[in-house]
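Before any comments, here is the structure.
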Amino acid sequence: MDAMPTTTAHLPASTPGPAPAWARRAAHAIALCALPSGLWRIAMASGVFVGYSDQVLRDVFDIPGWGIAYVVGLSVLAELAALSPLLLVSDRWRPLRPRTLAPLAWTASGLLVLVALWQLVVAFTVESQSYMSSDTAMTVWWIAFAPLFAIPALMTAVTWSYARRHRS
C-alpha cells in the first residue's frame, strides 16, 4: 500500500500555548482599573456626596431622575467591557476565531488610546473642574478615575500577547 505523503494539510492544527502569566495579570488588572470609577459613579447615583452640589446633580446629571439609570448603566457597561480582555487570555472559552478576535482587540486598543487622550483634554478644561465643590472632592475624583488611564497600555500588551500566540 502506498503511503500518503505528509503535507501540512494533513497535520493537525497547532494550538497556541497558554497566555503568559504577565498577560493574564494584565487582563485582570484592566477589570480592576475600571472598578474605582464605577463605584464612584454608583455612589453618586446613590446620593453619596462626591463633590457635586445638589443643583449640579439635578441640572447637569439629571440625578435624581434618568441620570441614575444612565450613571449605573454606564458603570455596568464599563465593567463588562473591562472584563472582555479576559477572552484574550482564556484557554477554555473562545467565542470568536483568533482571526476575528485579534483585529477587534487591536481596534479596541487603538480606540482606548484615543479615548484616554480625549479624556485628558476634557479633564483639564476649566468647565470640567468648575462643577466640583472642593479640592478634596477633586482629589477623590482623580484617585477614582486615574486607573482608567492604565487600561490602554494594558489592553495593548494583552492584545500583543494574544496576536503573537495566534499568528498563523
Would you mind writing out the side-chain donor-acceptor pairs for residues 24-31 within the sub-3.5 Å range, not counting sequence neighbours?
unit_1 : atom_1 : unit_2 : atom_2 : d
R24    : NH1    : V89    : O      : 3.1
R24    : NH2    : V89    : O      : 3.4
R24    : NH2    : D91    : OD2    : 2.7
H28    : ND1    : R24    : O      : 2.7

Under 3.5 Å, side-chain donor or acceptor atoms of residues 41-50 against the rest of the protein: list the pairs with distances, not counting sequence neighbours.
unit_1 : atom_1 : unit_2 : atom_2 : d
R41    : NH1    : S75    : OG     : 3.4
S46    : OG     : I42    : O      : 2.8

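Residues L114 and W160 do not share a hydrophobic cluster, clusters being chains of Ile/Leu/Val/Met/Phe/Trp/Tyr side chains in contact below 4.5 Å. In this structure, V71 is not a member of the same hydrophobic cluster as L35, with clusters built from ILVMFWY side-chain heavy atoms closer than 4.5 Å. Linking Ile, Leu, Val, Met, Phe, Trp and Tyr whenever their side-chain heavy atoms come within less than 4.5 Å puts M155 and F145 in one cluster. Side-chain heavy atoms closer than 4.5 Å link hydrophobic residues (I, L, V, M, F, W, Y) into clusters, and following such links, possibly through other members, connects W142 to V140. Hydrophobic clustering, with ILVMFWY side chains joined whenever heavy atoms are under 4.5 angstrom apart, groups L74 together with L57.
Between the T139 side chain and the D135 main chain, a donor and an acceptor come within less than 3.5 Å of each other.
For A34 against A78, the heavy-atom pair with the smallest separation is CB-O, 4.4 Å. Residue P152 comes nearest to T156 through the heavy atom pair O-OG1, 2.8 Å, listed as atom of the first residue, atom of the second, then distance. For the residue pair W22 and S161, the shortest heavy atom distance occurs at CH2-CB, 3.7 Å.
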Quiz item: Which is it for L154 and C33 under the side chain to side chain contact (heavy atoms under 4.5 Å, CB included) test, yes or no, and what are the steps along the way?
Solution: CA-CA 10 Å; L154 291 168; C33 285; 4.1 Å; yes
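Looking at W141 and S37, their side chains never come closer than 4.5 Å, going by heavy atoms from C-beta outward. Two residues are said to be in side-chain contact when any heavy atoms from C-beta on lie closer than 4.5 Å; P64 and R58 meet this criterion.
Enclosure of atom OH in Y70 is not indicated, since only 12 or fewer non-hydrogen atoms of other residues, nucleotides or ligands lie within 6.0 angstrom.
A salt bridge (charged side-chain N to carboxylate O under 4.0 Å, His left out) check over residues 143-152, counting only residues at least two apart or in different chains, returns nothing.
The aromatic rings of Y52 and F61 sit tilted relative to each other, their planes meeting at an angle between 30° and 60°.
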